[in-house]
Amino acid sequence: MSLMKRTKIKDLLNTTEFGQQVTVKGWVRTFRNNQFIAINDGSSINNIQAVVDFTTTEESVLKRITTGSAVSVTGQVIESLGKGQRVEIKVEQLEIIGDCDAEKYPLQPKKHSLEFLREIAHLRFRTNTFNAVFKVRNALAYAIHKFFNERGFVYMHTPVITGSDAEGAGEMFRVTTLDLDNLPRTEDGSINYKEDFFGKSTNLTVSGQLEGELAALAFGEIYTFGPTFRAENSNTTRHLAEFWMIEPEMAFYELDDNMDLAEELLKYVIRYALDNCSDELEFLKGRLQEEEKQKPQNERSELDLITKLNFCLENDFERITYTEAIQILKNSKPNQKKQFKYLIEDWGADLQSEHERYLVEKHFKKPVILTDYPAEIKAFYMKQNSTDEQGRNTVRAMDILFPGIGEIVGGSQREESLEKLERRMKEMHIPVEEMNWFLDTRRFGSVPHSGFGLGFERLVLFVTGMTNIRDVIPFPRTPKNAEF
RNA sequence: UCCUGAGUAGCUCAGCCGGUUAGAGCAUCUGACUGUUAAUCAGAGGGUCGCUGGUUCGAGCCCAGCCUCAGGAGCCA
């Protein structure tokens, strides 16, 4: 440790105290003209320029100032003599803390493709783009806790390892300590899970909702925010095998209250990011514009990133029922001209992503909340509406669709009637016996309640303007990829 | 999992109709310059053309299988 305390570059870039002596420690981004070191310490997306006197500095030291090396510089803060930056440091003492072999270091002072950076995810934090992305991710995570805390919600930690395989939210990852090369068998030849660590078959959670409901029916309002695992073989820009999900669950909330909360939450955290990450968002806005220059005019976004986020805050989300959505889609140009791959003909069909995109990006041009889906295409726990005049059965579901992302929130009012819930579970072949603990909420003091799941990475995608979900989580886990 | 496209130097890419010695820019190294802004200028080094097999006198290029990546679809958050 040197004697002087280190100053963070973020603070230094805003300083007006010229002449003060400071020490800055960070990593070299570029070394120009044998005298200008651009140093970044992660505190800001911007670098500080440190100027070394190459006539008095040993050449062997100058040679070691390479892109990626870690340095400590001490010197006077002065108004920059050159253009392009306000402040710089006149270096009096320079120490190479950690060398970086320029021949082997993969990051160069040039534009790299996101695909390449994904292969070196352990180093991509050192780039401007990922500095900005993960600062925004951090701000959004904090804002979520702040939002719920301000409203008296209890942060509940639901289990990561679960023993129930009845959640019905997709394929699960198995958790076991059994020797896979020598599995214990029962008399009939099936695997004997009694010998496994938990004495039963266990998996990684696909949702904390069911446990969340238990807590909500005691604390009133709770939320979970944790990792979630789906073993789906999904290869898209918006799916991960390991992702983070926020799942609030509220007693005494009906569907409208649920939608109000979700809309309020999304607007709150977006506003928080705008208020606290202006440098990062400004950078990401520029990055997106650069990227879109490659695209044909009609595929570019109409609004720049920051305008888009503000637009989102200033407008109410459009709320329509599934039945209304089908009407709109049926009469839409792409449907009548048969441009949709899947044409909308009858009530009851699940909406394809081309339909969701049409509603959000072409028809309403803002976030849309779709409600009251056909019961057939939704989960067992959703509250059943009474059958309508045309004999249609719907449930009190609500999905929030965002432009460019698709479904960002999926939720519903929950079925609080024990009788109706049990009947539905039997219809959908869900083992009622195993779910007795869950059904107890309906047996003992059941109340109307609601909740939703918000995909955290999808939120980060939207706010940062990134287009691939693998670029908004530090170490993405996707089929055939669990590096680092 | 399905459809489409891609894989050539450290990175980004070009490589004609199958033809003999596979190129460029950036990066790296060497030198020059010294208030630069992804510094500039000059020179040099750098290749298992994804893997395996096949067709051919001859394959980076054609064929088959496989692997990986990207985009779209499905599943969903």
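Reminder, nothing fancy here: chain letters follow the sequence lines and each chain counts from 1. Just the heavy atoms: all of them, side chains too, but no hydrogens, waters or symmetry mates, feed the values below.
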N or O in side chain of A/T30 less than 4.0 angstrom from B/U36 OP1/OP2: no
Distance below 4.0 Å between A/R86 side-chain N/O and B/U37 OP1 or OP2: no
Touch class at under 4.0 angstrom, heavy-atom based, for A/E356 against every strand present: nothing
No-H, no-angle donor-acceptor pair, A/Q85 side chain to B/U36 base, under 3.5 Å: yes
A/D471/A/R124 salt bridge by N-O under 4.0 Å criterion: yes
Partner nucleotide, any strand, of B/U36 [Watson-Crick/G-U, under 3.5 Å]: none
A/R238 vs B/A73: side-chain N/O to OP1/OP2 distance below 4.0 Å: yes
Pairwise P distance for B/G35 and B/G45, with rounding to whole Å: 32 Å
Presence of A/S353 side-chain N/O under 4.0 Å of B/G74 phosphate oxygens OP1/OP2: yes
Sidechain N-carboxylate O distance under 4.0 Å for A/E354, A/K341: no
Watson-Crick or G-U wobble partner of B/U1, both distances under 3.5 Å: B/A73
Touch class at under 4.0 angstrom, heavy-atom based, for A/L240 against every strand present: base
Short side-chain N/O contact from A/N33 to OP1 or OP2 of B/U36, under 4.0 Å: no
Any donor-acceptor N or O pair under 3.5 Å, side chains A/Q21, A/E92: yes
Separation of atom NZ in A/K111 from atom C1' in B/U12, rounded to whole Å: 10 Å
Nucleotide B/A39, atom P - distance to CD1 of A/I65 in whole Å: 14 Å
Nucleotide of B/A70, B/A77, B/G35 approaching A/R118 most closely (side-chain heavy atoms): B/A70
N or O in side chain of A/N128 less than 4.0 angstrom from B/A38 OP1/OP2: no
B/C51 to B/G10 separation - P atoms, rounded to the nearest Å: 13 Å
Whole-Å distance separating the CE atom of A/M172 from the P atom of B/A77: 13 Å
Donor-acceptor side-chain pairing of A/E95 and A/S72 below 3.5 angstrom: no
Any A/R470 side-chain nitrogen or oxygen under 4.0 Å from OP1 or OP2 of B/C69: no
Under 4.0 angstrom between A/Q352 side-chain N/O and B/G74 OP1 or OP2: yes
Separation of the P atoms in B/G25 and B/G43, to the nearest angstrom: 10 Å
Value in whole Å for how far the P atom of B/U1 lies from CG of A/N233: 5 Å
Phosphate OP1/OP2 of B/A39 contacted by A/R32 side-chain N/O (<4.0 Å): yes
Nearest-neighbour nucleotide for the A/R458 side chain, B/C69, B/C76, B/C11 considered: B/C76
Lys/Arg N to Asp/Glu carboxylate O, A/R287 vs A/E290, below 4.0 Å: no
Quiz item: A/E103 side-chain donor-acceptor pair to B/G10 base, under 3.5 Å: no
C1' gap between B/C33 and B/U8, integer Å: 36 Å
Qualifying residue, where the test is side chain to side chain donor-acceptor pair (under 3.5 Å) with A/K378 and the options are A/T394, A/D399, A/D372: A/D399
Donor-acceptor pair between A/W27 and A/S69 side chains, under 3.5 angstrom: no
B/A77 pyrimidine/purine six-ring stacking with A/F243, under 5.5 Å and 30°: yes
Check ion pair A/R151-A/E264 (N to O, under 4.0 angstrom): yes
Under-3.5 Å donor-acceptor pair between A/Q108 side chain and B/U28 base: no
Most 5' of A/I377 and A/F36 on RNA chain B, judged by nearest nucleotide: A/F36
Sugar-phosphate, base or nothing in reach of A/E407, heavy atoms under 4.0 Å: sugar-phosphate
B/A64 pairs with, by Watson-Crick or G-U criteria that keep both distances under 3.5 Å: B/U52
Side-chain-base donor-acceptor pair under 3.5 Å for A/S234 and B/C75: yes
Atom C1', compared across B/G74 and B/A27: separation rounded to whole Å: 42 Å
B/U12: pairing nucleotide in any strand, Watson-Crick or G-U under 3.5 angstrom: B/A24
Atom P, compared across B/A59 and B/G53: separation rounded to whole Å: 14 Å
Nucleotide of B/A38, B/A77, B/U12 approaching A/P109 most closely (side-chain heavy atoms): B/A38
Any donor-acceptor N/O pair under 3.5 Å between B/C11 base and A/H112 side chain: no
Touch class at under 4.0 angstrom, heavy-atom based, for A/I408 against every strand present: sugar-phosphate
Spacing of A/I48 atom CD1 relative to B/U36 atom P, expressed in whole Å: 18 Å
Euclidean distance, atom CD1 of residue A/I37 to atom P of B/A39 [Å, nearest integer]: 13 Å
Along RNA chain B (nearest heavy atom to each residue), the more 5'-positioned of A/V409 and A/T467: A/T467
A/S450 side-chain N/O to A/Y253 backbone N/O, donor-acceptor pair under 3.5 Å: yes
B/G72 phosphate, OP1 or OP2, under 4.0 Å from A/T237 side-chain N/O: yes
Expected output: side-chain A/H145 to main-chain A/F225 donor-acceptor under 3.5 Å: no
A/T236 side chain, from C-beta outward: closest of B/C75, B/U1, B/C11: B/C75
P gap between B/G65 and B/C3, integer Å: 12 Å
Minimum-distance nucleotide to A/K63 side chain [options: B/G31, B/U36, B/A38]: B/G31
Euclidean distance for C1', B/A14 against B/A22 (whole angstrom): 11 Å
Length of the line joining A/K480:NZ and B/A70:C1', which is rounded to integer Å: 17 Å
Partner nucleotide, any strand, of B/U30 [Watson-Crick/G-U, under 3.5 Å]: B/A42
Closest to side chain of A/K83, choosing from B/G10, B/U37, B/C75: B/U37
Gap between atoms CG and P, on A/L351 and B/C76 respectively (whole Å): 12 Å
Side chain of A/N468 - closest among B/G71, B/A77, B/U34: B/G71
Distance-only donor-acceptor test (3.5 Å): side chain A/N235, base B/U1: yes
Under-3.5 Å donor-acceptor pair between A/E115 side chain and B/G71 base: no
